[in-house]
Structure formats: C-alpha cells, structure tokens
Amino acid sequence: MALTGRTALLAALGSLPVGFFAPSWAGILAVNAPLSLAILCDYALAAPVRKLRFTRSGDTSVRLGDGAEVHLTVTNPSGRRLRAHLRDAWPPSSWLPGTEQATSRHKVTVPAGERRRLTTLLRPTRRGDRQAERITVRSFGPMGLAARQGHHEVPWTVRVLPPFHSRKHLPSRLARLRELDGRTSLLTRGEGTEFDSLRAYVPGDDTRSIDWRATARQSAFAVRTWRPERDRHILVVLDTGRTSAGRVGDVPRLDAAMDATLLLAALASRAGDRLDLLAYDRRTRAQVRGHAAGDVLPALVNTLAPLEPELVETDARGLAAATLKNAPRRSLLVLLTTLDAAPIEEGLLPVLPQLTRRHTVLVASVADPYIEKMSRERGTVDAVYEAAAGTQAQAQRRRTAEQLQRYGVTVVDATPENLAPALADAYLALKAAGRL
C-alpha cells in the first residue's frame, strides 16, 4: 500500500505535520487513529489493480526519425471507479532524450465496468525492434491518501526501419536511367548492348548503327536502336564485421551501407534487374532472395531493420563461399566493406580471383570526411601532425583501391551522405557500358 500526501486533509484530521508520518506506518497508527482509519478506508475503496485488463493496438513499424502511436486500452471490470497513474514502459531508445517522462506516464479515470484508451507516442532513436516492457499502475482511493500498485505485462513490438535518406536522389537517377533507355526527348540514342528495334535513319545518327540488311529490304536507311541490359542479377553483400560498427560522424558505417543498398535496390527494380542481399561476417546474418521488383524494397527494409554489426573479424573465405553460393550465374557483386589495408590485403585480396573470374565486382566503402579535414590543417605543430596523419591515411586508401582495380574491380569510396548516389552512378555506368 502506498501513502500519498494531501496536506490539507492531514492537517484537518490531525495537528501533526506531514513529515511526522514518514518514519513508519506503526507511528501513524499509534498517534492518529482517525487519520489511520481514513487511510485504511481510502485504500479499501481503491480499485484493484490485478483485475484490470489491457489490450494494445496501433503502429507495428515506423521509419527511424518518425513517430509511432501505440494505443493501450484499459478495462476496469471491478465495481469501483479506477483513479490511477499509469506508466507504459519501453526501452530508453524509444524516445528522444528527455521526453520519456511526458509521453509514457498517464493519468486515467475509468468508471466501474468501462474502459478507456491511452496513447503512447514513441519516437525511436535507433533501428531495430522495440518491445514494450511492463505497465505499472498505481490505483488511488477517492481521497488520494493511499494507493494500490501493481504490474501487468502486455506485449507489443514496434520495428524501427532504416530512414532511407537517399531516396531524394532517386528521381535524378531515374532520369539518367530513362536517358540510357532512349525514352527521353533528347536527340540521343539510348545506350546499351541489347538490341531493341529498328527505326528510320535521322541525320546525326551514328552510321555504325545502320542495319544494311534491313536497309536493302526497303527504300530508306534503317538504324538499330539499343537498350541497356535487363533482367541482370545483382547481389549486394553487406560486411557486418567489426569494421562496420565504426561511426563516421553520427552515422554507423553499416547504416550508411544500408542506405546505399536501398537506393540501389529502388533503381535496379525500375531498370528491370533483380537484386538479392547477403549480410555476412562469420556466418550469414540476413538474406533476401527471389523477390519480385515491386516487393524487393519492402523486404530489404524489413530485413535490414534489426541488423547490427558483430564485433568479430570477417571471415573472407566464408564470405566468398557464401557469395558464390548465392550467385550461381554471372552477376554484379556489390560488396559494401572497408578499404582499410589490413582487412583487404589479408582477407579479400586472396579470395578476390574466385569472385572476378565469374562476376563483375564493385567494392563500396564509407570514407571519413574528418580525415580529409585533418589533411588540410595547418598553423600549429599539432595541426601539422594531424595533416600528416590524414594525408597518410588517404594515401593508404588510394593504394588499397588501386590494388582492387588491378583485379578489374570498380571501387566507390565516398562519405556517408555521398555513398548512396555514388554507388547508384557506378551502377548506371556499368549498365551503360554493358558490363552487368
């Protein structure tokens, strides 16, 4: 039983100060019988907590940065009016800092036999699944002197999805894709390697595109038109090892890689290509396979939401074996990993020939903009040392990229906000060159 303060009522029932009653219930009962009786009656009239019934409804998923509403219906089957303070507890990352107190605590009054609905507004700060914890209810008597308190477990899960900030780059890349496909109003021939159709020659067309056999069968020159390759297979491999746990600014490397994956998936589905996903470190952490173009993006978002880095060194041989297993025929392999020298030279380079022998390989990595800032520092002894360290780190990344390029690998090295559009541009360039 919880004792609650009501200064005016206590002064009326007894002349002793409120602080006098703090030490123990025994002192209260011994000194002030009327007050004790009032408290006991108030406690007896408080609605029982154990008999309360709770149900949940509302959002089951939310994009990181947005708000989610979870509704809690409180049913009071007892014969007493419920006057209660209620706390709907969730993990700390379910709210912005400092807002938990205001959004998780409710005051509610439920007459006997009725129900009321409360709404808890969540605004998660991290990806993943957020699961409701216990509901704590403090039921007060009519005078507010005493209260019953208890707990209820009412399960509910809200999945926090990746934010997909790079979707703002999708319209410009789709415009480039339409240009490649020859569907724009510009006087340019669609690039690509797959034959599309024949049309009449227009001054300015490349004479190498004239189909002489078709021309011989009619009275005008006929020109072949081409379109980018379609129905190609793309396998995105996310390295979820220890290097993906590093933060660049406020963004974990893995989150930047996810954002780039989502933009690539949206673009590839519009281009008629099929995209699968493999997340790997020492074992397969997540996988998306065989989805139609319209379903691949929702499947990716849902699969990537709970994915977290593992603080282990990535097994490069296991990664190569898993990649080849998931890409049985010629594919574009997009490996999102680090360009640090040691993991590449000791892990990836020895197994790279197995991948490049059958597939086109693209390696994308998150660069730290602070390194570039360090390399430009001048003016003090510390700044000069920082500039030397930054320059050395940049030179090492360039050497690592050059090593990969010798194997025919396309390398994309960009900061978190630029990685997604740079990867999309690299995909379009490979598509225009007929290398998929």
Side-chain angles (χ1 to χ4, degrees), residues 64-65 96-97 125-127 162-169 172-173 176 238-264 308-314 316 334-349 352 361-430:
L64 182 63
L96 295 175
T125 58
R126 293 180 56 190
R127 285 183 300 100
F164 195 12
H165 294 306
S166 62
R167 64 180 178 272
K168 62 186 177 183
H169 299 290
S172 61
R173 271 59 190 182
R176 173 60 179 156
L238 284 179
D239 180 357
T240 56
R242 64 171 182 82
T243 57
S244 68
R247 301 182 72 89
V248 179
D250 292 332
V251 181
R253 280 188 165 91
L254 182 60
D255 285 38
M258 289 179 181
D259 197 49
T261 300
L262 295 177
L263 180 62
L264 179 61
E308 295 292 344
E310 297 291 330
L311 300 182
V312 296
E313 198 71 38
T314 299
V334 180
L335 177 58
L336 288 145
T337 185
T338 180
L339 279 183
D340 294 345
I344 293 293
E345 294 175 358
E346 299 173 10
L348 183 60
L349 287 181
L352 196 56
V361 180
L362 189 157
V363 173
S365 181
V366 181
D368 190 346
Y370 184 70
I371 300 298
E372 183 178 354
K373 180 182 176 182
M374 287 174 55
S375 65
R376 296 195 303 265
E377 293 293 328
R378 298 292 187 275
T380 65
V381 174
D382 291 341
V384 171
Y385 276 106
E386 285 190 0
T391 302
Q392 183 179 17
Q394 287 179 321
Q396 188 180 61
R397 290 180 74 88
R398 284 195 296 269
R399 286 195 299 269
T400 304
E402 290 168 358
Q403 286 180 298
L404 294 171
Q405 289 166 350
R406 294 191 194 105
Y407 286 88
V409 175
T410 300
V411 178
V412 174
D413 187 21
T415 56
E417 63 272 13
N418 295 323
L419 180 64
L423 180 58
D425 290 340
Y427 162 72
L428 291 174
L430 290 172

Requested in this report: Among Thr261, Asp239, Leu254, find the residue that satisfies the side-chain contact (heavy atoms from CB on, under 4.5 Å) test when tested with Leu336.
Outcome: Thr261
Query raised in the report: In Å, rounded to the nearest 0.5 Å, how long is the span from CD of Gln403 to CD1 of Ile344?
Result: 9.0 Å
Report summary line: Residue pairs passing the salt bridge (Lys or Arg N to Asp or Glu O under 4.0 Å) test with at least one member in residues 364-376, sequence neighbours excluded, are Glu372-Arg376
Query raised in the report: If you measure from CD on Glu308 to CZ on Arg126, what distance do you get to the nearest 0.5 Å?
Result: 5.5 Å
Query raised in the report: Can you list the residues that meet the side chain to side chain donor-acceptor pair (under 3.5 Å) rule with Glu313, with sequence neighbours excluded?
Result: Arg242
Query raised in the report: Is there any salt bridge (Lys or Arg N to Asp or Glu O under 4.0 Å) pair reaching into residues 244-255, and which pairs are they, with sequence neighbours excluded?
Result: Arg127-Asp255
Report task. Drop me the distance from Leu348's CG to Thr337's OG1, to the nearest 0.5 angstrom. Result -> 7.0 Å
Report task. Just do the side-chain contact (heavy atoms from CB on, under 4.5 Å) check on Val361 and Leu404 with the steps written out, would you? Result -> CA-CA 10 Å; Val361 180; Leu404 294 171; over 6 Å; no
Query raised in the report: What pairs with Ala341 under side chain to side chain contact (heavy atoms under 4.5 Å, CB included), at least two apart in sequence or on another chain?
Result: Glu345, Gln396, Thr400
Query raised in the report: Between Ala367 and Val248, which heavy-atom pair has the shortest distance, and what is it?
Result: O-CG1, 3.8 Å
List, one per line, each side-chain donor-acceptor pair under 3.5 Å for residues 381-392, sequence neighbours excluded.
residue, atom, partner, partner atom, Å
Thr391, OG1, Ala387, O, 2.8

Query raised in the report: Which residues pass the side chain to side chain contact (heavy atoms under 4.5 Å, CB included) test with Ala342, sequence neighbours left out?
Result: Glu346
Report task. Output all residues satisfying side chain to side chain donor-acceptor pair (under 3.5 Å) with Thr240, sequence neighbours left out; order by chain, then residue number. Result -> Asp281
Query raised in the report: When you measure from the side chain of Ser365 to the backbone N and O of Leu339, does any donor-acceptor pair fall under 3.5 Å?
Result: yes
Query raised in the report: Residues two or more places apart in sequence or in another chain: which of them pass side chain to side chain donor-acceptor pair (under 3.5 Å) with Asp259?
Result: Ser166
Taking distance alone, no hydrogens or angles, what donor-acceptor pairs closer than 3.5 Å link side-chain atoms of residues 407-416 to residues at least two apart or in another chain?
residue, atom, partner, partner atom, Å
Asp413, OD1, Arg397, NH2, 2.6
Asp413, OD2, Arg397, NE, 3.2
Thr415, OG1, Glu417, OE2, 3.4
Thr415, OG1, Asn418, ND2, 3.0

Report summary line: Between Val251 and Ala256 the two heavy atoms that sit nearest each other are CG1-N, 3.9 Å
